Amino acid sequence: MKSRFIQLLALLVCLSPCAVSQTNTSAPAATPTTGVDLIWGFKIPVRDHVRLNGTVYKPAGQKDPLPVIFTMTPYIADGSHPRAFYFAQHGYVFVTVDVRGRGNSEGSFDPFAQEAQDGHDIVEFLAKQPWCNGKVAMWGGSYVGYDQWATVKELPPHLSTVVPVASVRPGIDFPFHRGIWYSYDMEWLTFVSGVTPNNSLFGESKLWSQKFFEMYQDHRPFNTLDQIVGNGSTVFQKWMKHPDFDSFWQAMAPSQEQYAKINIPILTITASNDADQAGALSYYREIMKYGNSETKAKHYLIIGPWDHPGTRTPRKEIGGLVFGEASVLDMNDLHRQWYDWTMKSGAKPDFLKKRVAYYVMGPGAENWKYADNLDSIATEHRKLYLTSHDGIADDVFHSGALAAQSVRSTPDKFVYDPMDVRPAELEQEDYSKPFLDERNVLKLFGKGVVYHSEPFAEATEISGDIKFSAWIAMDVPDTDFSATLYEVMPDGTSIDLTSDLLRARYRESLNKARTVTPGEITRYDFDGFRWFSRRISRGSRLRLVLNCVNSMYYEKNYNSGGSVESESGKDARTAHVTVYHDPDHPSVLEIPVVK
């Protein structure tokens, strides 16, 4: 199983704001003030009498009340210093707040469960301060982006705007995706254990690889990972009791009724290679579905080409991909323009030409494009049907095909034995670069099925959500699938475009598990791929790889149909998987094309 996704996921945490890009979005930056005043150890009482701790950054010599921007973070408020200093120099009061139980804040830290009410109370407390003019906004990404949505759903009266960036959606993209937990969960929980930063421990990749491989090699249950790591002080065991996307997780995001009552301008930012894109876009899609017309008209979306940390500090290069100069936005300045527009009657940022801005990657592209909404971008949804010759689709050299029409062909088969253990050196190899040669693809996936399209006759923009439906039968009640789409360039270089995971028991609903009837031919819909935009080169082909998840970076499914969290090697059952593709069972890849 490839580890690029987990490499991206491991960047969930914004350890500290990086240096600000020097490229402006369009409008000139405001002239900064010469100094900043501080209020250190600023105590914020919340409804249960817990006192949260903040640091207040004010323009030096501030005389008149100003709008306030705040961030609340589990990564210790000092990490937000560069952003706070910037905004204090540009006409705002900025307050960095430790979430409860972290840093200098009182209380106990319970990830995701506490931010909604605390966020509401922070907004209303800040609005009453003599240096605030009654307008309060929020800033931040990843977990801190989640904090913004958690606060928004409580509808605090003085919240004027939010800019949620790369926002985690609990139960959608973290701590599991499509029903499959990450080993990284314990790495992250250890990072935010206690009250002080654990940066060095979190960054000790050899330690985490050692512990993850220990679980993987010894075929131990996933729910013992906290014992293996040596940290039983976290909420890990509580999370293990909620493997479905149930009410426990659903309550952490706005409900349909709350979306309908939201009435503030929102700027959502994510990226094609953002590990939390699924979460960020789930909020966007739900507010566009359930929100009122006024709010939808004030909701803007930016999808850049970056990775997770790049959503806050864009870079031209990630993992071997190099983007054009236009990709490097000055995020501080863009945020400032947004806050000026929504809280100071300034002009709308020139960059936001329409309500959706998305970056097209690839040779001959590397530019921003605009749309009125996300669903209007694709002008064609092209279907490519799986097929093979004599049931041979074993690897990149003996592959099946992605054809324009469904034809009757022999099904393809592969075997997944959960007792197979990939060598440690292979598991720990660096697959973070999206450029992969043919040999690495073979090493990375092992057994599975592979399908190639015909070469593209002309350069073609693919922008949007990939959908893949596969008709599959197997002789076990459950397993985990992975589907990955590549562009294979004319020179043989392959570029990872997007991927999806799916636990078989959640094929009908993420909310409720239903095991598989062995031998039954069932349709599996892979609709959790990352949204991306890329100009596919003339002569390139698409490669689709389908296999079962087998990596130390993920919870292992031993295919027994019981509680996967407590399964171990003694429960292992080998899966014999058959992929059907014929007019009665049309396994099909659907790609969104822009002309």
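Note that the coordinates shown come from a computational prediction; the quantities given were computed from them, not determined experimentally.
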Indicate whether any N or O donor in one side chain lies under 3.5 Å from an N or O acceptor in the other, for [X] and [Y].
X	Y	result
E366	Y359	yes
S533	S463	yes
D121	Q117	no

What I'd like to find out is whether the side chain of [X] reaches to under 4.5 Å of the side chain of [Y], using heavy atoms alone.
X	Y	result
Y86	F94	no
I269	W306	yes
P349	H335	no
I302	F351	yes
D118	V99	no
R312	M331	no
V97	T73	no
Y182	E187	no

Could you tell me if the ring centre of F112 sits under 6.0 Å from that of W249?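 Centroid separation for F112 and W249: 6.0 Å or greater.
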Between Y92 and Y57, is the ring centre distance below 6.0 Å?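 Ring-ring flag for Y92/Y57: false, centres at least 6.0 Å apart.
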Counting only heavy atoms not in [X] (residues, nucleotides, ligands), do more than 12 fall under 6.0 Å from its [atom1]?
X	atom1	value
E458	CD	no
K348	NZ	yes
R382	CZ	yes
K261	NZ	no

Within the side chain of [X], is there an N or O that forms a donor-acceptor pair under 3.5 Å with the backbone of [Y]?
X	Y	value
S80	R83	no
T493	M489	no
D525	S469	no
S105	G101	no
K467	E590	no
R535	T460	no
H308	N273	no
T270	I303	no

Audit row: D274, D307, side chain to side chain contact (heavy atoms under 4.5 Å, CB included) steps and yes/no: CA-CA 5 Å; D274 174 16; D307 58 7; over 6 Å; no
Begin from the C-alpha positions of D372 and S376 and carry the test side chain to side chain donor-acceptor pair (under 3.5 Å) through to its verdict. CA-CA 7 Å; D372 293 320; S376 67; 5.6 Å; no
Over 60° means perpendicular and under 30° means parallel, so classify the ring planes of [Y] and [X], tilted if in between.
X	Y	value
F174	Y184	perpendicular
F42	F125	tilted
F85	H81	tilted
Y143	Y146	perpendicular

Using side chain to side chain contact (heavy atoms under 4.5 Å, CB included), reason through T161 and I266 one step at a time and then give a plain yes or no. CA-CA 6 Å; T161 187; I266 299 173; 5.8 Å; no
Is any NZ, NE, NH1 or NH2 atom of the basic residue among E461 and K369 found under 4.0 Å from an Asp or Glu carboxylate oxygen of the other?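 Yes.
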Carefully, step by step, assess E487 and R534 under the rule side chain to side chain contact (heavy atoms under 4.5 Å, CB included). CA-CA 10 Å; E487 175 186 0; R534 182 172 176 83; 2.6 Å; yes
Under the 6.0 Å and 45° cation-pi test, does R169 pair with Y283?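 Relative to the ring axis of Y283, which defines the angle, R169 lies inside both limits.
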Test side chain to side chain contact (heavy atoms under 4.5 Å, CB included) on Y339 and V163; report intermediate values, then the result. CA-CA 9 Å; Y339 296 136; V163 186; 3.9 Å; yes
Measure the CG-CD distance between D173 and Q277 for me, rounded to the nearest 0.5 Å.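 Going from the CG atom of D173 to the CD atom of Q277 covers 9.5 Å.
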Residue among F532, W531, Y370 satisfying ring pair (Phe, Tyr, Trp, His ring centres under 6.0 Å) with Y358: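 Only one of F532, W531, Y370 forms a ring pair (Phe, Tyr, Trp, His ring centres under 6.0 Å) with Y358, namely W531.
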